[in-house]
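Okay, structure first, notes after.
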2 protein chains.
Amino acid sequence: MPGKAHVTIQDIARKAGVGVGTVSRVLNDAPNVNPQTRQLVQAIMAEVGYRPRTAAQTLRTHKTHEIGFITDEIASTPFAVDVIRGAQDAAWAHGKILILINTNRNPDVLHAALETMLERQVEGIIYAAMFHQPVQLPITVCELPAVLVDCYVEDRTLPSVVPDEVTAGRLATATLIERGHRRIGFINNNEATPAAVGRLAGYRQALAEAGIPFDPLLLCPEASDPDGGYRSVQRLRQQPDPPTAIFCFNDRMAMGAYAALRDLKLAIPHDVAVLGFDNQEIIAANLRPGLTTMQLPHYAMGQWAIQYLVGEASEAENSHPPQVQLACPLVLRESV
Amino acid sequence: MPGKAHVTIQDIARKAGVGVGTVSRVLNDAPNVNPQTRQLVQAIMAEVGYRPRTAAQTLRTHKTHEIGFITDEIASTPFAVDVIRGAQDAAWAHGKILILINTNRNPDVLHAALETMLERQVEGIIYAAMFHQPVQLPITVCELPAVLVDCYVEDRTLPSVVPDEVTAGRLATATLIERGHRRIGFINNNEATPAAVGRLAGYRQALAEAGIPFDPLLLCPEASDPDGGYRSVQRLRQQPDPPTAIFCFNDRMAMGAYAALRDLKLAIPHDVAVLGFDNQEIIAANLRPGLTTMQLPHYAMGQWAIQYLVGEASEAENSHPPQVQLACPLVLRESV
DNA sequence: CTGTTAGCGCTTTCAG
DNA sequence: CTGAAAGCGCTAACAG
């Protein structure tokens, strides 16, 4: 007598003195079952610790309740986990489970990952990049519903959800303008990413709306780290008519800006207001004074991706794959 | 004629003029197949884009190649993703795929998650906590191989992998001693976690090994945030014989220590050396001078968990579940 | 080396 | 309301 075999629907059918069909029905909460019978069957199931085998159900129904989640690289940014969290929470709420594969930016792995997911018959695929960027994907993705998170394909043939960089840049700048500032410096990332381009557009838009002319002297493209922020502030403050407020591409640059301002004996926000981007708690909440900053909608993007995938069926072949932009909330602290 | 049905092994068998058995054999790289036949079959498979259905294989073989990964809460610490990365990379290397469920510390979700994984017949379960701690788990886990990451059960009945806090505390302190310091302050977390208790033990051990008497005045239990670090340094430096080196429970406290030292016009490391814990890049690499700190083996723990699960079969009912402690490497920068 | 034949455990008509 | 029967797509003997 080998190790105890798996308890099947047959076993419990026999013990209950009913047919397997009936057992299957109570298992799936089908309505047409005699309450008495149902109770009996359930009791026996509980007693023997019966557990349906997912593989068998899947083979029969062709429903896996799985969603593939592929990332280019999980690690890079600390808040990127929020995308996973958002997706995971939403998936669980919808009775779906997440299959996770990290490609480490390796095209071969990506290809294999896609293949694996196709073989598993996942119900949809989420491809998440760790920062807002255009991507190229093997066409295979098209074989089933897919959503891009924090990235998009140039030809827009795949649905995608990204942060609304322009509005965020505009909101950040407008916040500074509302505080009475007219000379607002923008320390931008010197790489032409969607984030840099979008936020700059938003910055100019806010300026225009307030009737403030754009001054190229106030724009500082730099390396997106603390040093870049430090150098930019030095440069900015050397000008004849220096900015009284500074909008930084990210919190790390803002960190450098704080250091530069301190070295220049300038008080925040009294002498110069500073506004960051990313809301990296470790920086934003711990800087003195607390850094006012914009928050990326990572959790919301992960959530949206799942919701789109789950609801997609009802939309039946929508003409254009949606290209959604999610708002970046302002996190107000004491630096403006 | 409905939407094209899935291409099965039967289809390709027919097209190739062979039996399904043969097709199955080439699919599984079985040795006993005529090279000619194999090529033919493979060609046809490629041509029609055949893809084996995982569910069918699983139902038949009872092998899922899945490993469940359960976390208590993904978000809290930014470096926690490294555990996932380590596990994911190792899993992929072993042909296993990860099923991810985040419980948000909800016992009901945990229970349901376990149930789901059992139904899926995962080959093993990893339960990862987001910081080193004892945990309680429903016994269900015992039904299949499980590994605890960054946590353990009090009775040690489940294998677990955690950071070697004692050795880390000893190494950190010894590093300071080597630099010639005799008065070494330890700003510890004021909660009695394994990390706090272990590192303190290591601190005392290193002191003892160097023949330096332990001075309770140099021990500062505090809230593990920048403010706690700031306050501690103020207190420590007020003493008649103040420490010339400070070991901080984490980088955030070290961040506060830097601020306090700056306010006291004390230079790092010239006047006072500072050593942190966690190697949170955003802090450690950006502080001036760069913070020397200890690194938690997150990636390695995730990796170890998978390797244990995969290799476990060969160990055949080992008497005691292993309780592994992984080393925390020292990351040398300029603060000591 | 290869075709045939049983099922894996479950769902789903189809008759009662 | 319920039992019986037919597979889902694949693997694994078992005879050739």
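Keep in mind that what you see is a predicted model, and the values were worked out from it rather than measured. Quick note on labels: first sequence line is chain A, next is B, and so on, each numbered from 1. Values below: all heavy atoms of this structure, side chains included; hydrogens, waters and symmetry mates excluded.
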request  = For A/Ala128, enumerate each residue passing the side chain to side chain contact (heavy atoms under 4.5 Å, CB included) test, keeping only those at least two apart in sequence or located in another chain.
outcome  = A/Phe69, A/Thr71, A/Val83, A/Met130, A/Val149
task = Using side chain to side chain contact (heavy atoms under 4.5 Å, CB included) as the criterion, list what pairs up with A/Gln10, not counting sequence neighbours.
result = A/Thr8, A/Arg14, A/Val20
List in chain and number order the residues that pass side-chain hydrogen bond (donor to acceptor under 3.5 Å, both in side chains) with [X], two or more places apart in sequence or in another chain; answer none if no residue qualifies.
X: B/Tyr50; value: none
X: B/Asp72; value: B/Arg105
X: B/Asp155; value: B/Thr157
X: A/Arg25; value: none

query = In residues 54-65 of chain A, which residues come under 4.0 Å of DNA chain D by heavy atom?
reply = A/Leu59, A/Arg60, A/His62
ask   = For residues 23-31 of chain A, which residues have at least one heavy atom under 4.0 Å from DNA chain D?
value = A/Arg25
So, does [X] use its side chain to make a donor-acceptor pair with the main chain of [Y] at under 3.5 Å?
X: A/Glu115; Y: A/Leu110; result: no
X: B/Asn106; Y: B/Asp108; result: yes
X: A/Asn34; Y: A/Gln36; result: yes

Contact between [X] and [Y] at the side-chain level, heavy atoms closer than 4.5 Å - yes or no?
X: A/Thr54; Y: B/Thr58; value: no
X: B/Gln88; Y: B/Val81; value: no
X: A/Arg156; Y: A/Pro321; value: no

message = Using five base pairs at each end to define the local axes, how bent is the helix from C/dC1-D/dG16 to C/dG16-D/dC1, to the nearest 10°?
response =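 Both end axes considered, the difference amounts to 40°.
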Positional range of nucleotides in DNA chain C within the contact set of chain B, heavy-atom, under 4.0 Å = C/dC1 to C/dG9
task = Indicate, with a heavy-atom threshold strictly under 4.0 Å, whether A/Asn34 touches base, sugar-phosphate, or nothing.
result =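 Sugar-phosphate, backbone atoms only, no base.
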task = Map A/Thr22 and B/Gly17 onto DNA chain C by nearest heavy atom, then report which one ends up closer to the 5' terminus.
result =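 Its nucleotide being nearer the 5' end, the pick is B/Gly17.
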ask   = What pairs meet the side chain to side chain donor-acceptor pair (under 3.5 Å) rule with one or both residues in residues 118-133 of chain A, with sequence neighbours excluded?
value =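 As it turns out, the side chain to side chain donor-acceptor pair (under 3.5 Å) pairs with a partner in residues 118-133 of chain A, which skip direct neighbours, are A/Glu66-A/Arg120, A/Lys96-A/Glu123, A/Arg120-B/Glu66, A/His132-A/Glu165.
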ask   = Which is the 5'-most and which the 3'-most nucleotide of DNA chain D that has an atom under 4.0 Å from a heavy atom of chain B?
value =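 Both ends considered, the range comes out as D/dG9 to D/dA13.
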remark   = Result for 5'-nearest mapping on DNA chain D, choosing between B/Gly21 and A/Thr37, is A/Thr37
key: Residues B/His62, A/Arg53; criterion side chain to side chain donor-acceptor pair (under 3.5 Å); working and verdict   = CA-CA 10 Å; B/His62 288 182; A/Arg53 195 163 280 203; 2.5 Å; yes
ask   = Should the pair A/Glu73-B/Arg85 be classified as a salt bridge under the 4.0 Å nitrogen-to-oxygen rule?
value = no
